[in-house]
Amino acid sequence: MIQAAVPQKTESSPKINGDQLELFAQDFFAALEPAAKQSIAPQPLFKAPPAPPKVVFPTPVRAPDAPPLRRIQLGPHSLEFELRRSSRRSIGFMIDDHGLRVTAPRRITLADIDNAIRAKQRWILTKLRERGERRALRQERAPVVWVDGAQLPYLGANITLRLEDAPRSRCEFDAQARVLTVGVVAGLAEWQLQERVKIWFQAEAKRLFAERLDLYGEKLGVRHASLALSSAGTRWGSCTVDGHIRLNWRLIHYALPLLDYVVAHELAHLIEMNHSARFWARVESVYPDYDGARMALKQRSQEMPVVFTA
């Protein structure tokens, strides 16, 4: 049988008077009070999202004697473009740093031209946005200062520019020392110096392109008909059904593997004049990491310093 415990007599507890009890109560309830309120500015119920960055599309520069630019509304965007008439049989679109240029047959009405632009507006706006962003990035990059000791990009690394007084203009490259020496005649303007160095870069590009075209052409079992240099703002290369290949000479600034990717890409078009799965299989057969090269080329083009201002 379990019995309840009988309380034992203990020593008498110290008595607490009324004043002590009151002080205890004050301390107890003070501990329960929230910390001192801090002044907090009222917050709106719904915070508006940050304003999207303003999209600035490049706009063609109108020559004094040229027809006025045409304007079209594409969604929220009011777009100006240059219209040219020609004997071609279809409407062509070209986008570069100067915006959109449309070339149309003379018989095509303005309404038909506007409809063709609207049909391709997603592609047009995407390319214009890319050009605008690329131009903004390029403006943020410091251009090359054309002085003795300047660093110029060549095949993925820098070479040093050396300027020497000379009775005639000349360009000499020491590949081992990675030094490009330019003879500067008296009174040579900076734009003339740039042009002289640009000619050297273009000659190097054409020499190297020819070597790489032969190398990858043999691997693919194809032969190109001709090679020409391009200065296109948005394309690294092109190939026609007749085997005429154009390569952007500015590829000479980039590492050789990136240049090789463009060469392999254009040569593969001699087999598949498209970008189908069969085409990419041809590219992959001679250049397995074509996707990585394509991404690297895009990234490096955004980081490349401004070498030539014209």
Side-chain angles (χ1 to χ4, degrees), residues 58 95-98 130-163 169-182 190-216 227-239 245-267 283 287 289-310:
I95 295 174
D96 57 19
D97 281 346
H98 303 294
E130 289 176 356
R131 296 304 299 181
E133 292 172 352
R134 195 177 305 173
R135 183 175 61 181
L137 288 172
R138 189 167 59 246
Q139 290 172 347
E140 292 176 2
R141 299 195 300 264
V144 170
V145 180
W146 290 83
V147 295
D148 182 71
Q151 299 295 299
L152 305 176
Y154 174 73
L155 290 179
N158 285 339
I159 60 176
T160 301
L161 177 66
R162 289 298 178 200
L163 304 180
S169 179
R170 73 179 195 282
C171 262
E172 296 175 356
F173 181 55
D174 184 333
Q176 185 172 0
R178 298 191 64 80
V179 171
L180 178 65
T181 302
V182 179
E190 182 176 300
W191 71 267
Q192 292 173 310
L193 171 62
Q194 288 191 39
E195 197 63 26
R196 184 68 187 85
V197 175
K198 183 190 293 186
I199 291 172
W200 179 81
F201 270 115
Q202 291 173 338
E204 285 290 293
K206 194 161 190 177
R207 175 188 64 79
L208 193 57
F209 290 164
E211 293 178 2
R212 309 313 283 182
L213 283 168
D214 289 343
L215 174 65
Y216 280 91
L227 165 66
L229 298 183
S230 163
S231 298
T234 59
R235 302 181 70 178
W236 291 118
S238 63
C239 177
I245 289 179
R246 293 171 62 85
L247 296 173
N248 195 314
W249 67 266
R250 290 181 175 84
L251 284 166
I252 197 66
H253 296 315
Y254 299 86
L256 185 60
L258 302 185
L259 186 155
D260 281 349
Y261 158 67
V262 179
V263 168
H265 183 118
E266 299 308 328
L267 283 172
V283 177
Y287 199 103
D289 191 24
Y290 68 85
D291 205 35
R294 182 170 52 183
M295 294 176 62
L297 186 58
K298 182 177 181 180
Q299 179 66 31
R300 288 293 295 124
S301 66
Q302 295 173 351
E303 300 168 350
M304 184 66 62
V306 179
V307 185
F308 300 98
T309 56

Give the intermediate values and the outcome of side chain to side chain contact (heavy atoms under 4.5 Å, CB included) for residues Thr181 and Asp174. CA-CA 8 Å; Thr181 302; Asp174 184 333; over 6 Å; no
Minimum-distance pair of heavy atoms, taken over all atoms of [X] and [Y]:
X      : Y      : answer
Leu163 : Asp148 : N-OD1, 2.8 Å
Leu267 : Leu213 : CD1-O, 3.6 Å
Glu266 : Cys239 : OE1-N, 3.5 Å
Leu161 : Val147 : CD2-O, 4.0 Å
Leu258 : Ala293 : CD2-O, 3.7 Å
Val145 : Ala150 : O-CB, 3.2 Å

When Pro153 is tested against each of Arg250, Arg300, His253 for side chain to side chain contact (heavy atoms under 4.5 Å, CB included), which residue passes? His253
Atom pair [atom1]/[atom2] of [X] and [Y] - distance to nearest 0.5 Å:
X      : Y      : atom1 : atom2 : value
Asp96  : Arg131 : CG    : CZ    : 6.5 Å
Glu195 : Ser169 : CD    : OG    : 11.0 Å
Phe209 : Asp260 : CZ    : CG    : 10.5 Å
Glu130 : Ile95  : CD    : CD1   : 9.0 Å
Gln192 : Gln194 : CD    : CD    : 11.0 Å

Audit row: Gln202, Ile252, side chain to side chain contact (heavy atoms under 4.5 Å, CB included) steps and yes/no: CA-CA 8 Å; Gln202 291 173 338; Ile252 197 66; over 6 Å; no
Does the side chain of [Y] come within less than 4.5 Å of [X]'s, by heavy atoms?
X      : Y      : result
Leu215 : Val263 : no
His265 : Tyr287 : no
Tyr261 : Asp289 : no
Leu256 : Arg212 : yes
Arg294 : Asp291 : yes
Leu251 : Leu208 : no
Trp146 : Leu152 : yes
Leu227 : Lys206 : yes

Show your reasoning for whether side chain to side chain contact (heavy atoms under 4.5 Å, CB included) applies to Val182 and Arg162. CA-CA 6 Å; Val182 179; Arg162 289 298 178 200; over 6 Å; no
For Arg246, all residues meeting salt bridge (charged side-chain N to carboxylate O under 4.0 Å, His left out), sequence neighbours excluded: none
Taking the six-membered ring for Trp, are Tyr254 and Trp236 parallel (under 30°), tilted (30 to 60°) or perpendicular (over 60°)? perpendicular
Whether Gln151 side chain and Gly149 backbone form a donor-acceptor pair below 3.5 Å: yes
Any donor-acceptor pair under 3.5 Å linking the side chain of Asn248 with the backbone of Arg235? yes
Sorted by chain and number, sequence neighbours left out, ring pair (Phe, Tyr, Trp, His ring centres under 6.0 Å) with Tyr154 holds for Phe173, Trp200
The test is side chain to side chain contact (heavy atoms under 4.5 Å, CB included); show your working for Val262 and Leu297 and say whether it passes. CA-CA 10 Å; Val262 179; Leu297 186 58; 3.8 Å; yes
